[in-house]
K.L.:
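For reference, the structure I am asking about is given below.
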There are 2 protein chains.
Amino acid sequence: MYELFFRKFNEKVPLTHEEEEMIKTYLTPKKLRRKQYLLQEGDVCKSIAFVEKGALREYSIAENGNEQIIQFAIEGWTISDLYSFLTGEPATYNIDAVEDSELVLLSKSAHEELLRKLPKYETYLRLQVTGAYLALQKRLTSVNTLSPEERYANFTQLYPELVQRFPQHMIASHMGLTPETLSRARRKIKSK
Amino acid sequence: MYELFFRKFNEKVPLTHEEEEMIKTYLTPKKLRRKQYLLQEGDVCKSIAFVEKGALREYSIAENGNEQIIQFAIEGWTISDLYSFLTGEPATYNIDAVEDSELVLLSKSAHEELLRKLPKYETYLRLQVTGAYLALQKRLTSVNTLSPEERYANFTQLYPELVQRFPQHMIASHMGLTPETLSRARRKIKSK
DNA sequence: AAATTACGTTGACATTTGTCAATGAAAACG
DNA sequence: CGTTTTCATTGACAAATGTCAACGTAATTT
């Protein structure tokens, strides 16, 4: 249990066995069936979720009713509505499972206590959020500087497993395109 | 000197006088004239810059030669090519001054030493990067869910000072629009 | 195994945005 | 103060993307 969680944690910040045992007392396992919600907009995000197994997506609903996916998460990844988690404000995003999934949850109070007790946890957080920030920055830059074809080609190269496990219309949503436009972009790539 | 820097720092993480004096030994002041580069793409970003006075922009060059502004910074804000700073890789972005500016620089080695010596610095970083991440996430979501008119209206409400101090074509660039499209969006807003 | 649902592709057409160029006003420069 | 540069707006036209609908295939459900 929590194998992958600690493997990923240790990749960023090495833990002693005692530290791992301590952190374990703050973790909660959770299973989700495909299509089951982890979080609905308007509720407060009570936990940060780490994916031990499975696949999830985080999305908001645009004014026209369309879903806009802001993030995917597969094994080894973390997912939450971070603003809601940190502030206790109602969540903007929905999170649901695209495949049957097994998660490791860390609650707000556990998060706060670990911040007090374990400096390594703060380092881990800083590194996690920094990585997430840099990925988002790169993504926003590419939206404004690259064509859909270039962006899709980059995406399949960077995240081949996401392309395999999520339907194409979700990839399109994540890229801010309609399924039709992505289909046309893929056609253009093939003809080159 | 460094007044605003420590005011902002203390808003996030309160420092003792001794701690402030210690941090001061790691800071370097720098002045920039309008249009002067702080960082050019291809160079390594050697410092994180805090703005004591003035205004800067960070931008990349798209394949078609257009500038795409990813970030502005005015008094109290921080600016850098963070990936380049952390990894020593060549910078993707350019940073230059839109107004004559006074900065407070923190070098990579100072950053690393402060991380070792002062746990409060790590907390400050975590909080800084978390805020930056949340702002970027919100921005990317709005790109895909709101019209240019709505986005501009939000932007002027959230950042009135940016709208006053940066020319409109730079605001357009930051929004991922051409100046013409932003002008049309503003006309639409006025006719409502 | 049959029925149903989900998915990806495609084309016609509508809408939005970018490109180009011109104009006038404001700001900056000498 | 005169000259030059920068900026914002506008319109015509081109290009890109969204919307709608239909179709065939694959996956899921019954």
Side-chain angles (χ1 to χ4, degrees), chain A residues 33-36 54-55 57 59 61-69 72 96-100 140 142-153 155-156 162-192, chain B residues 32-36 54-55 57 59 61-69 72 96-101 140 142-153 155-156 162-192:
Chain A
R33 293 180 318 273
R34 199 171 99 86
K35 294 200 170 188
Q36 192 177 357
R57 65 174 178 159
Y59 61 98
I61 309 286
E63 284 176 335
N64 59 16
N66 290 348
E67 296 174 349
Q68 286 299 329
I69 295 174
F72 295 121
D96 66 18
V98 175
E99 299 169 5
D100 292 349
L140 188 52
S142 76
V143 166
N144 291 326
T145 57
L146 302 179
S147 67
E149 299 85 70
E150 285 167 321
R151 291 172 58 217
Y152 181 72
F155 188 83
T156 56
L162 294 186
V163 173
Q164 278 160 30
R165 293 171 66 173
F166 290 92
Q168 204 173 287
H169 65 89
M170 285 192 191
I171 307 287
S173 174
H174 179 264
M175 288 176 67
L177 305 172
T178 62
E180 293 93 346
T181 299
L182 181 60
S183 199
R184 290 189 189 108
R186 284 161 45 95
R187 185 169 59 187
K188 273 200 206 168
I189 292 173
K190 278 181 193 146
S191 71
K192 285 180 183 176
Chain B
L32 287 189
R33 293 179 318 275
R34 198 172 99 86
K35 295 200 172 187
Q36 191 177 356
R57 66 174 178 160
Y59 63 98
I61 310 285
E63 282 176 338
N64 58 16
N66 289 349
E67 294 173 350
Q68 285 298 326
I69 295 173
F72 296 119
D96 64 21
V98 176
E99 299 168 6
D100 292 349
S101 303
L140 188 53
S142 77
V143 165
N144 291 327
T145 57
L146 302 179
S147 66
E149 298 85 70
E150 286 168 318
R151 291 172 57 218
Y152 181 72
F155 188 82
T156 56
L162 293 187
V163 173
Q164 278 160 31
R165 294 171 66 172
F166 291 91
Q168 202 175 285
H169 66 88
M170 285 192 192
I171 307 288
S173 173
H174 180 262
M175 290 176 67
L177 305 171
T178 62
E180 292 92 344
T181 300
L182 181 58
S183 199
R184 290 187 189 109
R186 285 162 43 94
R187 186 170 58 188
K188 274 202 204 166
I189 291 174
K190 277 181 194 152
S191 71
K192 287 181 181 178

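Numbers restart at 1 for each chain; the letters A, B, ... are given by sequence-line order, proteins then strands. Side chains are part of it too, since the values below use all heavy atoms of this structure and drop only hydrogens, waters and symmetry mates. Since the model is a prediction, treat every value here as computed from it, not as a measurement.
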K.L.:
Which whole-number value in Å describes the distance from B:Q164 CD to D:dC7 C1'?
P.N.:
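The answer, rounded to whole Å, is 17 Å.
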
K.L.:
Quick check on the helix from C:dA1-D:dT30 to C:dG30-D:dC1: what's the angle between its two end axes, five base pairs per end, to the nearest 10°?
P.N.:
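The value is 60°.
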
K.L.:
Atom CD1 of B:I171 and atom P of D:dT6: how far apart are they, to the nearest Å?
P.N.:
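Nearest whole value for this atom pair: 19 Å.
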
K.L.:
Checking A:E150 now: which residues fulfil salt bridge (Lys or Arg N to Asp or Glu O under 4.0 Å) with it, not counting sequence neighbours?
P.N.:
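Salt bridge (Lys or Arg N to Asp or Glu O under 4.0 Å) check on A:E150 returns nothing, list empty.
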
K.L.:
Quickly work out the B:N144 CG to C:dT16 P distance and round it to whole Å.
P.N.:
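Atom CG in B:N144 sits about 17 Å away from atom P in C:dT16.
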
K.L.:
Please state how far atom NZ in A:K190 lies from atom P in C:dT9, giving the value in whole angstrom units.
P.N.:
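Taking NZ of A:K190 and P of C:dT9, I get 6 Å after rounding.
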
K.L.:
Does B:H174 have its ring centroid less than 6.0 Å away from the ring centroid of B:F166?
P.N.:
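That pair fails the under 6.0 Å test.
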
K.L.:
On a plain distance test, is the side chain of A:R186 in donor-acceptor contact with the base of C:dT10 below 3.5 Å?
P.N.:
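Result: no qualifying N/O pair found.
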
K.L.:
Return the set of residues passing salt bridge (Lys or Arg N to Asp or Glu O under 4.0 Å) with B:R187 (not counting sequence neighbours), or none when no residue passes.
P.N.:
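Applying salt bridge (Lys or Arg N to Asp or Glu O under 4.0 Å) to B:R187 gives none.
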
K.L.:
May I have the distance from B:N64 (atom CG) to D:dA15 (atom P), rounded to whole angstrom?
P.N.:
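My rounded result for the distance is 15 Å.
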
K.L.:
By nearest atom, which of the nucleotides C:dA6, D:dT10, D:dA8 is closest to the B:P167 side chain?
P.N.:
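Between C:dA6, D:dT10, D:dA8, the one nearest the side chain of B:P167 would be D:dA8.
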
K.L.:
Would you mind reading off the distance between A:L146 atom CG and D:dT17 atom P, rounded to a whole angstrom?
P.N.:
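Whole-Å distance recorded here is 12 Å.
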
K.L.:
Could you check whether A:R184 gets within reach of a base, just the sugar-phosphate, or nothing at all, counting any heavy atom under 4.0 Å?
P.N.:
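Touches a base.
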
K.L.:
Can you give me every donor-acceptor pair (side chain of residues 175-184 of chain B, partner residue at least two apart or in another chain, under 3.5 Å) with its distance?
P.N.:
unit_1: B:T178; atom_1: OG1; unit_2: B:T181; atom_2: N; d: 3.2
unit_1: B:T178; atom_1: OG1; unit_2: B:T181; atom_2: OG1; d: 3.0

K.L.:
Scan nucleotides 22-30 of chain D against the protein and return all N/O pairs shorter than 3.5 Å with their distances rounded to 0.1 Å.
P.N.:
none

K.L.:
Could you tell me whether B:D96 and B:R57 have a side-chain N and a carboxylate O separated by less than 4.0 Å?
P.N.:
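Counted as a salt bridge, because a side-chain N and a carboxylate O are separated by less than 4.0 Å.
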
K.L.:
Of the residues in residues 175-183 of chain B, which ones touch DNA chain D at a heavy-atom distance under 4.0 Å?
P.N.:
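When residues 175-183 of chain B is checked for heavy atoms under 4.0 Å from DNA chain D, the hits, listed by number, are B:E180, B:S183.
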
K.L.:
I need the CE-P distance between A:M170 and C:dG8, as an integer number of Å.
P.N.:
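Going from A:M170 (CE) to C:dG8 (P), I get 9 Å.
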
K.L.:
Can you tell which of D:dC7, C:dG8, C:dT19 lies closest to the side chain of A:Q168?
P.N.:
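Output: C:dG8.
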
K.L.:
Over how many whole Å does the gap from B:H169 atom NE2 to C:dT17 atom P extend?
P.N.:
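Spelled out: NE2 on B:H169 to P on C:dT17 is 21 Å.
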
